[in-house]
Amino acid sequence: MIERKILEEKIRNLENMLLKMYSITVRGVQAIVDLPSDEALKIIEESEYSSDILNWEIFEEAIATIATQQPTAKDLRFIVMATTIAAVHERINDLALDIAKAIKKIDDVPVELKNSIKTAVETILKMLEVTKNAMVAHSFIDVHDKLSKLDDIIDGIFRGALDFLEGKEDISIRTVMNLVMILRDLERIGDLVGKIGARLIYIETGKMVPIK
Amino acid sequence: MVNIKVQVEGLSVWYRDKQILKDIYISIPEKKITAVMGPSGCGKTTFLKSLNRLIEIHEGFRVYGKVLLDGKNIYDPDVDPMDIRARIGMVFQKPNPFPHLSIYDNVVVGLKLRGITDKKYLDRIVRETLEKVGLWDEVKDRLRSSAAKLSGGQQQRLCIARALALNPEVLLLDEPTSALDPLATAKIENLLVDLKKEYTIIIVTHNIQQAARISDYAAFLYMGQLIEFGETKDIFTNPKNELTEKYVEGKIG
């Protein structure tokens, strides 16, 4: 077998860029539980900005690699998927910032929902770790099942929180609206991490297997 | 910071009453691969041969302008063209080992012509250069066999070893894989990527994809003019000149 040195170097570089993107997202998502502190907001704003820049850098690196190296098969799938995975991370960081802005508008988050948000964030972090480990190990055997189960937990948190809010008459409509937006954004982030998993499976197998 | 190894300033080449190259300025970075591409007849090979004064062995050519190697004009009257051709080696389109010579003698022929006969030194050079081109393990047991018995890809790697034996600083390659199959081509491409750690490499190629794959910088020549020069990734994703764009898109040739 003949090694294609430049192409393989470029693929390694893209993998490293995706790992950097993963770290940025983890930092931003982790900070959600510390909101509304100014420090947490600053971290989320930085993550949103950095992910936007890195998303473009990954896109530029990918199109340069396609233009110069003529990748095919799994190499091509990886390079194209790297651009969409980066875009998904960038979207997750956007949503984290939306959550931060919404929390700022709420005087006080009920304790029950604080716990729900914390659990949802911890679950999202577990999902992100599954995707990172899969990419590093090039092993996607359990990715679908693990991500589906974790995503179900987040969906359950979302439904439970809605039920909780339904029975609350002592919370202003504005607060309820913002809490629903926060919980919906967390649920959406879970879905997006699932999409990262589906893309990683596609790289390995060439088949699109939705994770829901 | 990229060092410039070869600086071309206002290079024009005439063949009898026809101008082949027109006022070319280009800075070739050190220890990088620079690809020179362009359609047939655009002056690529003439340009390459102007860089080590090989152009002078052909009758009817006139060269104007400067080619600076580490800042010294190779066309200055006090420069010996033989020294320049040792410092700037060349590999041609078709593998051209001397068929009557052994593999060993093909590698050291240039050294012997320069009067070097120390066997230990020659043995060391043969091993080192054949290892560099990835041929040592394939031929170490038949160094005294005729080079003509090697495959096309092996012969081309032998020709690269022959050029390296003179310890050049710059390696010029004129479509070195056009006569080879895809596997042999891939081996040569990998070899060039390895060699750029030690040598400045300038490759002329018809094959746009090959230029894209292996070069760090790319120059586009068209009708004797340098249309564009820059980092390969920029030339292939966002060229500045419309002609370059049409060329890399395969719309002119």
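In what follows, chains are A, B, ... by sequence order, proteins preceding strands, each numbered from 1. None of these values were measured; they are calculated from a predicted model.
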Report summary line: With sequence neighbours left out, the residues meeting salt bridge (Lys or Arg N to Asp or Glu O under 4.0 Å) with R91(A) are D94(A)
Report task. Say whether, by atom type as modelled, one donor and one acceptor occur between the side chain of N55(A) and the main chain of S51(A) under 3.5 angstrom. Result -> no
Query raised in the report: Which pair of heavy atoms, one from L76(A) and one from P71(A), lies closest together, and at what distance?
Result: CB-O, 3.7 Å
Output all donor-acceptor pairs under 3.5 Å across chain A and chain B; consider backbone as well as side chains.
{"unit_1": "E3(A)", "atom_1": "O", "unit_2": "N190(B)", "atom_2": "ND2", "d": "2.4"}
{"unit_1": "K5(A)", "atom_1": "NZ", "unit_2": "D194(B)", "atom_2": "OD1", "d": "2.9"}
{"unit_1": "K5(A)", "atom_1": "NZ", "unit_2": "D194(B)", "atom_2": "OD2", "d": "2.5"}
{"unit_1": "T68(A)", "atom_1": "O", "unit_2": "R213(B)", "atom_2": "N", "d": "3.1"}
{"unit_1": "Q69(A)", "atom_1": "NE2", "unit_2": "R213(B)", "atom_2": "O", "d": "2.8"}
{"unit_1": "Q70(A)", "atom_1": "OE1", "unit_2": "R213(B)", "atom_2": "NH1", "d": "2.8"}
{"unit_1": "Q70(A)", "atom_1": "NE2", "unit_2": "Q209(B)", "atom_2": "O", "d": "3.4"}

Query raised in the report: Is it the side chain or the backbone of I235(B) that comes within 4.5 Å of chain A heavy atoms, both, or neither?
Result: neither
Query raised in the report: Quick one: does I153(A)'s side chain get under 4.5 Å of L150(A)'s, heavy atoms only?
Result: yes
Can you give each donor-acceptor pair under 3.5 Å made by side-chain atoms of residues 21-31 of chain A, sequence neighbours left out, with the distance rounded to 0.1 Å?
{"unit_1": "S23(A)", "atom_1": "OG", "unit_2": "L19(A)", "atom_2": "O", "d": "3.2"}
{"unit_1": "T25(A)", "atom_1": "OG1", "unit_2": "M21(A)", "atom_2": "O", "d": "3.0"}
{"unit_1": "T25(A)", "atom_1": "OG1", "unit_2": "H89(A)", "atom_2": "ND1", "d": "2.7"}
{"unit_1": "T25(A)", "atom_1": "OG1", "unit_2": "N93(A)", "atom_2": "ND2", "d": "3.1"}
{"unit_1": "R27(A)", "atom_1": "NH1", "unit_2": "E46(A)", "atom_2": "OE1", "d": "3.4"}

Can you give each donor-acceptor pair under 3.5 Å made by side-chain atoms of residues 126-137 of chain A, sequence neighbours left out, with the distance rounded to 0.1 Å?
{"unit_1": "T131(A)", "atom_1": "OG1", "unit_2": "L128(A)", "atom_2": "O", "d": "2.6"}
{"unit_1": "N133(A)", "atom_1": "ND2", "unit_2": "E129(A)", "atom_2": "O", "d": "3.4"}

